[in-house]
Amino acid sequence: MVRKTNASNSQPTVRVSPRGASRLKEGHVWVYRSDIASAEGVLPGSIVAVLDERGKPLGSALYSSSSQIAIRLISREPVADFPQLVRKRIADAVGYRESLVHDTDAYRVVFSEADFLPGLIVDRYNDMLSLQILTQAMDSDSVREAFVSELTERLKPASIVERVDPKIRQLEDLPRRASGLLTGERSGTTFTMNGVHFHFDALEGQKTGAFLDQRENYAAAAQYARGEALDVFCYQGGFALHLAPRCKHLEAVDSSRSALEVADQNMALNQLRLGGKEIEWVEANAFDLLKDYATSGKQYDCIVLDPPAFAKSKRELDAAMRGYKEINLRALKMLRPGGILVTCSCSYHVSQAEFLEMLAGAALDAHRQLRLVEVRGQSKDHPVLLNVPETSYLKCVIASVTN
């Protein structure tokens, strides 16, 4: 039975278990399906009033009928007009970044829960926007119209492109939908980060495009680059193109030929900045290449490791830690004394403490001493909510080999 509450007589209600209620009261915004006590008759994607086991209102949330994350809190108060709330929060997200984002025309505009818009990701690339929808509620026609019109009014993009993850839509029990243009006619542009130029094709590549969460780390790492450098898992050249002007020679490795082709095009965009230097793009399996290079005694002054997420779930954590340790161990063996290691993890399930512990173990096994130079996270346009640890996922450690 769908119960009503005086706090919001237009919303269906969901009752949560004591554990679910405690989670919300402690500041988190998710309740898992295992902690839903009652949700009979609630339609997929509904805005619901959340009640504890005694019927006390806890706030308003987006309901999913299929995800393991059954509700995502959007307000501690009743919400009468969700599309209007979406508009306001889009405006807030744009305003938040106006004072934080510098030296780029590419950044994350909306970061889901961290901008209080669960299930909406929006990235800006110069005059284009690329977005993803990850929840049933954000996929409704009225909400789509609200965020597209608000984004258009605030940012005036030439085009807005929706990138579709078929697996996410399947998990959310949403109808199939192809990636494509929502407004405008162009799906490609060029953009700039820290003075470095990049191509962007909204309908190609990974996720919503380039790895904007590393933007500030690219600039930080470039400060320490020198001599002979190796960039592993380079994708489209984010780290490589930032580091190359300071290096005598740089090799950049990725297993994806299409990514390396874009990286080479990006290098052509930056010839003036590179002063005629050429980056050597290498198509190879990173694990095999690091093993071969370490065995053959290759040496470098700077090595970057920026792998994809090795742990996409808790079940994969042990294997992920072994993978991180292997690549870091081999990299440490190849660094000259005084060399710089830039090593990253974008796996939320690997905590910063676990990542540093892994790195310490790799250094011990490699008989190297490491001095931490910087321990960094994601760029400021990917904000972190203190009570929602899932919003903090990127680790970037810059360390110096002292022996």
Side-chain angles (χ1 to χ4, degrees), residues 10-12 14 28-33 36 39 42-50 59-94 96-97 108-124 129-155 157 159-183 202 207-209 381-383 385 388 390-391:
S10 64
Q11 290 179 352
V14 171
H28 210 290
V29 295
W30 295 352
V31 175
Y32 292 96
R33 190 157 305 282
I36 300 298
V42 180
L43 296 176
S46 293
I47 312 303
V48 300
V50 184
S60 300
L62 309 183
Y63 177 75
S64 172
S65 61
S66 58
S67 172
Q68 287 304 303
I69 304 172
I71 62 173
R72 300 170 191 251
L73 203 71
I74 54 169
S75 176
R76 301 287 169 178
E77 303 296 331
V79 173
D81 187 341
F82 182 52
Q84 185 59 35
L85 180 63
V86 168
R87 287 179 176 275
K88 179 183 183 303
R89 290 188 174 170
I90 293 278
D92 290 345
V94 171
Y96 177 74
R97 285 153 179 82
R108 179 145 292 180
V109 179
V110 176
F111 186 30
S112 197
E113 277 83 357
D115 283 300
F116 314 105
L117 289 165
L120 181 63
I121 301 287
V122 183
D123 286 339
R124 181 176 188 170
L129 299 179
S130 176
L131 64 83
Q132 278 190 312
I133 295 168
L134 309 174
T135 54
Q136 292 173 347
M138 286 294 175
D139 198 53
S140 72
D141 290 343
S142 62
V143 174
R144 279 176 169 271
E145 193 281 330
F147 64 66
V148 169
S149 62
E150 190 68 23
L151 288 166
T152 300
E153 180 181 337
R154 296 282 171 182
L155 300 175
S159 299
I160 301 178
V161 176
E162 180 179 359
R163 288 292 303 269
V164 173
D165 185 332
K167 183 177 179 182
I168 292 292
R169 292 191 73 83
Q170 183 179 10
L171 289 172
E172 281 287 310
D173 198 23
L174 293 169
R176 290 185 179 181
R177 186 184 185 98
S179 296
L181 287 161
L182 298 181
T183 69
K207 299 186 179 180
T208 58
D381 51 316
H382 292 63
L385 292 184
V388 186
E390 291 83 357
T391 58

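- Leu151 and Leu129 get closest at one heavy-atom pair: CB-CD1, 3.8 Å.
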From CA spacing to verdict: side chain to side chain contact (heavy atoms under 4.5 Å, CB included), Ile133, Arg144: CA-CA 9 Å; Ile133 295 168; Arg144 279 176 169 271; 3.3 Å; yes
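- Although no hydrogens or angles enter the test, the distance criterion places a donor-acceptor pair under 3.5 Å between the side chain of Ser60 and the main chain of Glu77.
- Smallest separation of non-hydrogen atoms from Ala39 and Val14: CB-CG2, 4.0 Å.
- The backbone N or O of Val79 sits less than 3.5 Å from a side-chain atom of Gln11, completing a donor-acceptor pair.
- Arg97 contributes a side-chain N or O that, together with a main-chain N or O of Ala93, makes up a donor-acceptor pair within less than 3.5 Å.
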CA sep, side-chain torsions, deciding dist, call: Val109, Arg154, side chain to side chain contact (heavy atoms under 4.5 Å, CB included): CA-CA 11 Å; Val109 179; Arg154 296 282 171 182; over 6 Å; no
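- Crowding of Glu145 atom CD: a count of heavy atoms from other residues, nucleotides or ligands under 6.0 Å exceeding 12.
- We find the OG-CD distance between Ser142 and Gln84 to be 12.0 Å, quoted to the nearest 0.5 Å.
- Every side-chain contact (heavy atoms from CB on, under 4.5 Å) that Ser112 has, sequence neighbours left out, goes to Ile121.
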Side chain to side chain contact (heavy atoms under 4.5 Å, CB included) between Val122 and Asp115, intermediate numbers included: CA-CA 11 Å; Val122 183; Asp115 283 300; over 6 Å; no
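- Contact record, His28 with Arg76: O-NH2, 3.7 Å, taken as the closest heavy-atom pair.
- Listed here is the closest heavy atom pair of Arg177 and Val164: O-CG1, 3.2 Å.
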Full working for side chain to side chain contact (heavy atoms under 4.5 Å, CB included) between Gln136 and Ser67: CA-CA 9 Å; Gln136 292 173 347; Ser67 172; over 6 Å; no
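- With 3.5 Å as the limit, one finds a donor-acceptor pair spanning the side chains of Glu113 and Trp30.
- Checking Arg72 against Ser64 by side-chain atom types alone, no donor-acceptor pair falls below 3.5 Å.
- In summary, of the residues considered (Val48, Thr135, Ile47, Leu43), a side chain to side chain contact (heavy atoms under 4.5 Å, CB included) with Tyr63 occurs for Val48 alone.
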